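In listed order, ligands and their atoms are each counted from 1. A quick note: this is a predicted structure, and the numbers were derived from the prediction, not measured.
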Amino acid sequence: MKKHYQDKNECRICGSHRLMKYFDFGPMPLVNRYVSGEEGAERIPLAVMFCEDCANSQLSVVVDPYFMFSNYLYHSSVSKTFKEHCAAMALDLQERLNRGSLRCLDIASNDGCLLKEFQKKGFETVGVDPAQNLCEIARQGGIRTICSLWGDAAAEEVIKEFGKVDVVTATNVFAHVDDTHAFVAAVSRVLTDEGVFVVEFPYMGNLIKYHEFDTIYHEHVSYFLARPLVQLFKMHKMDVCDLKEFPDIHGGSLRLYVVKEQNRTIARRPKRVETFLKDEADAGLHTIGPYQGLDTRANKLRTDFAGLLDDLRGKNKKVAGYGASAKGNVFVNFCGIDRRDLLFIVDDTVAKQGFCSPGTDIPIVSQKRLYEELPDYLVILAWNFSEEIMNKTREFRERGGKYIIAIPEVRIV
Ligand code: DWN
């Protein structure tokens with residue numbers, strides 16, 4: 001079988017070789033690659049390393065991005081919570097830039113979820129995404145989309161077809177990028193001098209604080225703090241002029257507002273940025289300490305979860321899952337769970353239904369199956385959307401069902 005990954009032994013932010021491994025899953029499947037049969041069996045080393053020079057965390061390998069992203073079954077628009085988050089971002093940018101119409105580029109625009117909210121505000125929009133299947137969906141929804149990974153060639157095409165832009169957004173993509181410097185250089189090229197680059201990602205401080213080990217998988221080649229990124233942008237003559245935290249998005253996300261050094265048209269909040277950087281340092285996150293206990297905490301969660309499943313099995317209780325998320329697929333693989341433990345996993349993404357959770361024999365089904373089988377317990381594997389999923393499955397609760405959530409600790413809800 002062709003090898004789809006390369007080892008990575010230098011920091012992608014500062015170039016250091018002083019990388020210290022602190023969490024090693026061993027070989028794991030690609031948890032967002034839904035294929036059947038032999039193809040799905042491929043397992044790739046999954047381990048996280050800490051850069052002793054800039055404190056960035058990154059995987060020890062890089063998987064071919066075309067192999068991972070050219071046919072991508074994660075549709076951002078499935079989640080109402082995330083759509084509302086996109087609408088709020090559109091309003092935030094309209095107020096922050098206060099310039100009437102804006103020309104906006106979204107990198108990794110997925111099914112057009114964010115750009116649709118920008119269009120509602122009257123912004124001109126263009127998306128870039130490598131997944132042919134998602135580009136088709138976005139274009140059918142009226143979103144002009146270039147099918148490509150982001151880089152210099154894509155920036156050239158945007159400038160040629162659309163012109164330079166006032167806003168570049170990159171939500172949940174920057175952590176997926178191996179060559180962060182080329183990515184930022186291409187952003188700087190496509191952005192006007194008065195423009196703003198808005199980058200949003202799951203914040204490493206929350207991963208550590210809430211033991212979110214299941215958000216570690218091959219798509220996420222980096223696990224970002226604020227300080228390494230401030231340094232990265234500085235190398236490209238760009239400043240983080242403001243930031244905002246979103247505790248309820250993807251396990252706790254951080255948004256950075258980045259402008260070119262010469263840009264004086266957008267309000268800067270240096271105090272807020274400095275305070276955040278100080279808090280990050282005070283939490284010890286720029287040293288290896290807080291990271292070294294993550295695997296112990298993950299193993300304890302696995303033991304607690306296995307103990308609960310054994311207890312429920314002993315009482316002949318039926319257990320299923322909800323949310324065939326990348327994190328959920330990591331969790332079931334890490335815990336060594338199969339269809340004897342979880343009868344099935346419900347997912348509202350039609351494109352995922354009919355496959356199994358990658359690396360396991362657990363079928364992914366529609367919500368219809370939930371009410372046909374009516375399990376006693378439902379493990380919410382997409383725990384970042386627990387409220388939304390519990391609201392959506394109220395009838396399950398009303399008919400006596402209970403929920404299990406495993407992060408940050410195993411509990412019955
Ligand atoms: O960075 C990434 C994050 C942001 O999103 C990507 N690498 C891939 C993806 O990771 P994930 O799959 O862990 O993300 P989610 O958004 O936690 O996945 C939620 C899953 O749950 C999806 O498969 C959709 C499903 N879902 C559902 O079936 N019904 C979600 C909701 C809210 C629902 O009501």
Practice problem: Over all heavy atoms of both residues, which pair between Thr287 and Gly284 is shortest? Give the atoms and the distance, please. | Solution: OG1-O, 2.6 Å
Do [X] and [Y] sit within salt-bridge range, that is, some charged N less than 4.0 Å from a carboxylate O?
{"X": "Asp92", "Y": "Lys244", "value": "yes"}
{"X": "Lys402", "Y": "Asp376", "value": "no"}
{"X": "Lys278", "Y": "Glu274", "value": "no"}
{"X": "Arg96", "Y": "Asp242", "value": "yes"}
{"X": "Lys116", "Y": "Asp111", "value": "no"}

State the atoms of ligand 1, each with its element, that fall below the 4.0 Å cut-off from a heavy-atom position in [X].
{"X": "Ala382", "value": "19 (C), 21 (O)"}
{"X": "Glu388", "value": "32 (C), 34 (O)"}
{"X": "Lys327", "value": "11 (P), 13 (O), 14 (O), 15 (P), 17 (O)"}
{"X": "Thr349", "value": "23 (O), 24 (C)"}
{"X": "Tyr322", "value": "27 (C), 28 (O), 29 (N)"}
{"X": "Asn32", "value": "8 (C)"}
{"X": "Lys352", "value": "22 (C), 23 (O)"}
{"X": "Gly323", "value": "21 (O)"}

How far is [atom] from the closest protein heavy atom, and which atom is that?
{"atom": "atom 26 (N) of ligand 1", "result": "Val78 CG1, 4.0 Å"}
{"atom": "atom 25 (C) of ligand 1", "result": "Asp347 OD2, 3.3 Å"}
{"atom": "atom 31 (C) of ligand 1", "result": "Ile389 CG1, 4.1 Å"}
{"atom": "atom 5 (O) of ligand 1", "result": "Tyr74 CZ, 3.4 Å"}

Quiz item: Would you call Tyr72 a ligand 1 contact, heavy-atom distance under 4.0 Å?
Solution: yes
Of the listed options [options], closest to [atom] (non-hydrogen atoms):
{"atom": "atom 1 (O) of ligand 1", "options": "Glu219, Met390, His220", "answer": "His220"}
{"atom": "atom 3 (C) of ligand 1", "options": "Phe385, Phe201, Phe331, Tyr217", "answer": "Tyr217"}
{"atom": "atom 28 (O) of ligand 1", "options": "Thr171, Asn384, Asp214, Asp348", "answer": "Asp348"}

Modelled atom types, side-chain donor and acceptor of [X] and [Y], under 3.5 Å:
{"X": "Ser357", "Y": "Asn329", "value": "yes"}
{"X": "Tyr322", "Y": "Asp348", "value": "yes"}
{"X": "Glu200", "Y": "His85", "value": "yes"}
{"X": "Asp129", "Y": "Trp150", "value": "no"}
{"X": "Arg12", "Y": "Ser222", "value": "yes"}

Region of [X] that comes within reach of ligand 1 [heavy atoms, distance under 4.0 Å]:
{"X": "His75", "result": "neither"}
{"X": "His176", "result": "side chain"}
{"X": "Ser325", "result": "both"}
{"X": "Ala324", "result": "backbone"}

Quiz item: Taking atom NZ of Lys80 as the centre, does the number of heavy atoms from other residues, nucleotides or ligands within less than 6.0 Å exceed 12?
Solution: no
Quiz item: What about Ala326: any of its N or O atoms under 3.5 Å from an N or O on ligand 1?
Solution: yes
Quiz prompt | Nitrogen or oxygen atoms of Lys392 and ligand 1 under 3.5 Å apart | solution = yes
Practice problem: Cation-pi check, Arg302 to Phe334: give yes when NZ or CZ is under 6.0 Å from the six-membered ring centre and within 45° of the ring axis, no otherwise. | Solution: yes
